[in-house]
Undergrad: 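Take a look at the following structure, please.
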Amino acid sequence: MSEKRSKVTIPYLLERKRSGSKISMLTAYDFSMASIMDEAGVDMVLVGDSLGMVVLGYESTVPVTMDEMLHHCKAVRRGIKHAFLVGDMPFMSYQISKEEALHNAGRFIKEAGCDAVKIEGGVEIADTAAFLVKMGVPVVGHIGLTPQTATSLGGFKVQGKDIESARKLLESARALDGAGICSLVIECVPDKVAEKITESISAPTIGIGAGSGCDGQVLVSNDLLGLFRKFTPKFVKKYADLFPLIDEAVKNYIKEVSEGTFPGEEHTFVMKEDLSDLS
Ligand code: KIV
């Protein structure tokens, strides 16, 4: 990617929706991965609270804390020059009160250098989204399968499968759009429902398990790279299978260390002096 590439902004994302040029978003959790993605030309980087499951080893995203999110957002920020950086607000950091939501959202922007925060929920969270936007915090919405409240949704299941639940999703999308969100993640929703939402709102939609009709797509990078092995949702495409490569590299290292063939001379600071006088 050329250094001339300019920073991705909200007007640029809106223009991409208008022109029909699809937006790419990926999750990142550290400096190295963020730099690779940014240099490769991804439009948006999300420090998702999927951090909890794919990096921190929790069973769900629920235990993730503000401190954990900010720590990783700061590392990712240092790796990004162009992409639009979104920080995922963890469970209970924005639900208690609008003031607390603003305080926590402000930390993502001020301390971690995020361009926007993402919050999960529909109609019920639209007032909070509007408050954050009014106070100057760009907000990305997230509807459909919302992992923080997956238990209440009956598990990790496709949402909006019947007309009534599809209507509720559309209402939520419209309420969030009216609140001024700059983008909307739609997760695990049938393609036609996501398409209907996409054509009904002005914010660019970013789908994950929501078909090809959204304005853009997002995947969890550890899924795309074949690094998360606990489960693989239907919507994941593995663009690389890094697990066997890493496994083989680690096993070769262990073997060479145990055989004494690593480090070889080419990895050693060889000293020519005679050390026999060194006592
Ligand atoms: O936490 C996350 O990575 C997300 C994506 C799945 C959109 O919310």
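Indexing begins at 1, ligand by ligand and atom by atom, following the structure's order.
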Undergrad: Against heavy atoms of H142, which atoms of ligand 1 measure under 4.0 Å?
TA: 8 (O)
Undergrad: Do V117 and V139 make a side-chain contact, defined as non-hydrogen atoms from C-beta onward lying under 4.5 Å apart?
TA: yes
Undergrad: Tell me which protein heavy atom sits closest to atom 3 (O) of ligand 1, plus the residue, atom name and distance to 0.1 Å.
TA: S50 OG, 2.5 Å
Undergrad: For ligand 1, is there an N or O atom under 3.5 Å from any N or O atom of D49?
TA: yes
Undergrad: Quick check, are the ring centers of Y94 and F91 under 6.0 angstrom apart?
TA: no
Undergrad: Using a strict cut-off of 4.0 Å, indicate which atoms of ligand 1 neighbour a heavy atom of G48.
TA: 1 (O), 2 (C), 3 (O)
Undergrad: In this structure, are over 12 heavy atoms from other groups packed under 6.0 Å from I163 atom CD1?
TA: no
Undergrad: Using distance alone, decide if ligand 1 has a nitrogen or oxygen within less than 3.5 Å of any nitrogen or oxygen in Y29.
TA: no
Undergrad: Indicate yes or no for a side-chain donor-acceptor contact from E187 to the backbone of V185 under 3.5 Å, with no hydrogens or angles considered.
TA: no
Undergrad: Tell me the salt bridge (charged side-chain N to carboxylate O under 4.0 Å, His left out) pairs involving residues 158-186, sequence neighbours left out?
TA: E164-R167
Undergrad: Can you tell me which residue and heavy atom of the protein come closest to atom 6 (C) of ligand 1, and the distance to 0.1 Å?
TA: I208 CD1, 3.7 Å
Undergrad: Mark up the atoms of ligand 1 that fall under 4.0 Å of a heavy atom belonging to T27, in ascending order.
TA: 3 (O)
Undergrad: Would you mind reporting whether F84 and L13 have side-chain heavy atoms less than 4.5 Å apart?
TA: yes
Undergrad: Non-hydrogen atoms of K118 versus ligand 1: any pair closer than 4.0 Å?
TA: yes
Undergrad: Need the ligand 1 atom indices (1-based, order shown) with element for anything under 4.0 Å from a heavy-atom of D88.
TA: 1 (O), 2 (C), 8 (O)
Undergrad: With backbone taken as N, CA, C and O and side chain as the heavy atoms from C-beta onward, which portion of L51 lies under 4.0 Å from ligand 1: side chain, backbone, both, or neither?
TA: neither
Undergrad: Which side chain to side chain donor-acceptor pair (under 3.5 Å) pairs, counting each pair once, include a residue from residues 108-133, with sequence neighbours left out?
TA: K7-D115, D88-K118, R107-E111, K118-H142
Undergrad: Any idea which protein heavy atom is nearest atom 7 (C) of ligand 1, and the distance to it?
TA: L46 CD2, 3.7 Å
Undergrad: Among side-chain atoms of T27 and Y29, is any donor-acceptor pair under 3.5 angstrom?
TA: yes
